[in-house]
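Encoded as structure tokens, the structure appears first; notes follow it.
Note that the numbering runs from 1 along the sequence shown for the chain.
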Amino acid sequence: MTEAAPIGLRLREWRQRRRLSQLDLALEADISTKHVSFLETGRAAPSRDMLLHLCERLEVPLRDRNALLVSAGYAPVFPERDLSDQALAPIREAIDKVLAGHEPYPALAIDRHWQLVAANRMVMPLMAGADPSLLTAPINVLRLSLHPQGLASRIVNYGEWRAHLLARLKRQIDLSADDTLSALYSELSTYPAPSGNTMRRMPAERDAAQLAVPFEFATEAGILRFFSTTMMFGTPVDITLAELAIESFFPADTATAELLRRLAPE
């Protein structure tokens with residue numbers, strides 16, 4: 001069994017991941033540079049409160065804060081509950097209300113690995129036609145979007161949207177150092193463009209006045225054009241809640257808004 005890295009080394013790795021010097025972290029945490037150095041080299045052991053304080057300044061995800069606490073010999077403090085847990089019932093109710101309230105536009109909730117947690121009634125019809133293996137739970141929305149047997153052939157600006165999703169995933173990996181996300185990135189990067197798609201309309205070809213990267217999706221009723229927003233829960237202290245995100249898609253033009261209103265279920 002591989003021995004866990006000393007707590008000082010792990011703190012240094014997070015500091016370097018955030019591109020901070022020891023002086024930067026010392027100023028952020030209101031402690032001396034010498035103390036930061038001693039903690040990283042193992043000459044001093046962080047107290048539980050100091051470790052949590054540094055994690056806060058380094059914006060370490062809650063899951064990793066627990067891992068650092070255990071590495072330092074302390075008990076984890078952040079719970080991780082399933083969404084079906086009664087304690088999270090108000091959260092699940094809030095998610096359902098947000099998703100339903102966004103209709104007739106699509107919206108979905110995803111976890112830290114981009115697995116589908118919930119969706120409103122406008123999402124599932126857009127997934128029609130994808131290979132059934134990609135629609136088997138847990139559904140990974142990035143894999144479903146970019147896989148040649150998924151939705152890729154219906155994304156009009158596939159090259160542009162693919163570049164946007166991969167860049168977003170790369171930023172998430174840089175922030176979290178998550179091995180599962182790194183493996184997902186490697187997998188998605190190998191997908192070929194769908195047949196007949198020339199990876200056209202990359203970001204550099206966009207009008208300079210374009211405010212956001214659009215998502216252009218072909219349906220039998222016509223092309224839908226969206227821009228998206230991401231909502232996270234504020235000040236979470238539960239790991240499950242901290243790792244949830246709600247992706248909401250808004251019509252980028254009046255034609256899309258009108259078409260979605262016609263397509264909306266009664």
Side-chain angles (χ1 to χ4, degrees), residues 99-100 102-111 113-170 172 181 184-207 210-231 245-266:
L99 296 180
H102 195 64
E103 293 178 0
Y105 311 138
L108 58 144
I110 55 174
D111 65 15
H113 291 148
W114 293 79
Q115 293 179 344
L116 185 65
V117 173
N120 67 13
R121 295 178 298 172
M122 299 302 295
V123 170
M124 300 313 293
L126 299 180
M127 297 182 178
D131 188 276
S133 64
L134 297 170
L135 297 175
T136 301
I139 299 173
N140 186 283
V141 298
L142 290 187
R143 182 178 292 115
L144 174 64
S145 297
L146 300 183
H147 197 286
Q149 296 179 357
L151 305 180
S153 63
R154 298 169 62 188
I155 300 177
V156 176
N157 60 331
Y158 175 81
E160 181 177 33
W161 189 247
R162 174 183 182 274
H164 164 70
L165 290 182
L166 290 180
R168 183 173 169 185
L169 180 56
K170 183 63 167 60
Q172 189 177 352
L181 292 179
L184 179 62
Y185 182 91
S186 297
E187 175 191 338
L188 300 180
S189 299
T190 66
Y191 289 171
S195 177
N197 194 303
T198 59
M199 302 284 281
R200 62 192 179 280
R201 298 178 70 179
M202 296 298 286
E205 301 172 8
R206 277 280 170 191
D207 189 310
Q210 183 72 55
L211 299 178
V213 175
F215 174 54
E216 301 177 351
F217 192 73
T219 70
E220 292 182 356
I223 294 177
L224 302 173
R225 296 179 175 86
F226 299 99
F227 65 89
S228 64
T229 64
T230 303
M231 185 185 81
I246 295 179
E247 297 280 328
S248 302
F249 291 84
F250 293 84
D253 53 41
T254 55
T256 296
E258 293 172 0
L259 182 55
L260 287 170
R261 281 193 286 269
R262 293 202 302 270
L263 295 175
E266 296 295 333

Just verifying a value: how many Å separate Tyr158 OH and Leu146 CG, rounded to the nearest 0.5 Å?
5.0 Å
Output the distance between atom CD (Glu258) and atom CG (Asp253), rounded to the nearest 0.5 Å.
9.0 Å
Roughly how far apart are Leu116 CG and Leu108 CG, rounded to 0.5 Å?
6.0 Å
Nearest 0.5 angstrom please: Ile246 CD1 to His102 NE2, how far?
10.5 Å
Using modelled atom types and a 3.5 Å cut-off, is there a donor and acceptor pairing between side-chain atoms of Ser153 and backbone atoms of Gln149?
no
Taking all atoms of both residues into account, what is the closest heavy-atom pair of Arg143 and Leu188, and its distance?
CA-CD2, 3.9 Å
Just by modelled atom types, is the Glu216 backbone N or O under 3.5 Å from a matching donor or acceptor in the Arg225 side chain?
no
If you take all heavy atoms of Val141 and Ser145, which pair is closest and at what distance?
O-OG, 2.6 Å
Test log, rule side-chain contact (heavy atoms from CB on, under 4.5 Å), inputs Leu184 and His113:
CA-CA 9 Å; Leu184 179 62; His113 291 148; 6.0 Å; no
In sequence, state the C-alpha distance, the side-chain angles, and the governing distance for Phe249 and Leu224, and then conclude on side-chain contact (heavy atoms from CB on, under 4.5 Å).
CA-CA 11 Å; Phe249 291 84; Leu224 302 173; over 6 Å; no
Closest non-hydrogen atoms of Leu181 and Gln172, given as atom of the first, atom of the second and distance, are CD1-NE2, 3.4 Å
Do you know the tightest heavy-atom contact between Ala100 and Asn120?
N-CB, 4.4 Å
With a 4.5 Å heavy-atom cut-off, do Asn157 and Pro214 have their side chains touching?
yes
Mind running side-chain contact (heavy atoms from CB on, under 4.5 Å) on Phe217 and Ile223 for me, showing each step along the way?
CA-CA 6 Å; Phe217 192 73; Ile223 294 177; over 6 Å; no
If the plane angle is over 60° it's perpendicular, under 30° parallel, otherwise tilted; pick one for Phe250 and Tyr105.
tilted
Quick check: closest heavy atoms across Ser228 and Trp161, and the distance to 0.1 Å?
OG-CH2, 4.3 Å
Specify the closest pair of heavy atoms between Val213 and Glu160, including all atoms of both residues, with the distance to one decimal.
CG1-CG, 4.0 Å
Distance from Arg168 atom CZ to Trp114 atom CH2, nearest 0.5 Å?
3.5 Å
Here's a test for you: under side chain to side chain contact (heavy atoms under 4.5 Å, CB included), which of Ile110, Leu166, Leu165 qualifies with Leu142?
Leu165
Which of parallel (below 30°), tilted (30 to 60°) and perpendicular (above 60°) describes His147 and Tyr191?
perpendicular
State the CG-CZ distance between Leu126 and Arg154, to the nearest 0.5 angstrom.
7.0 Å
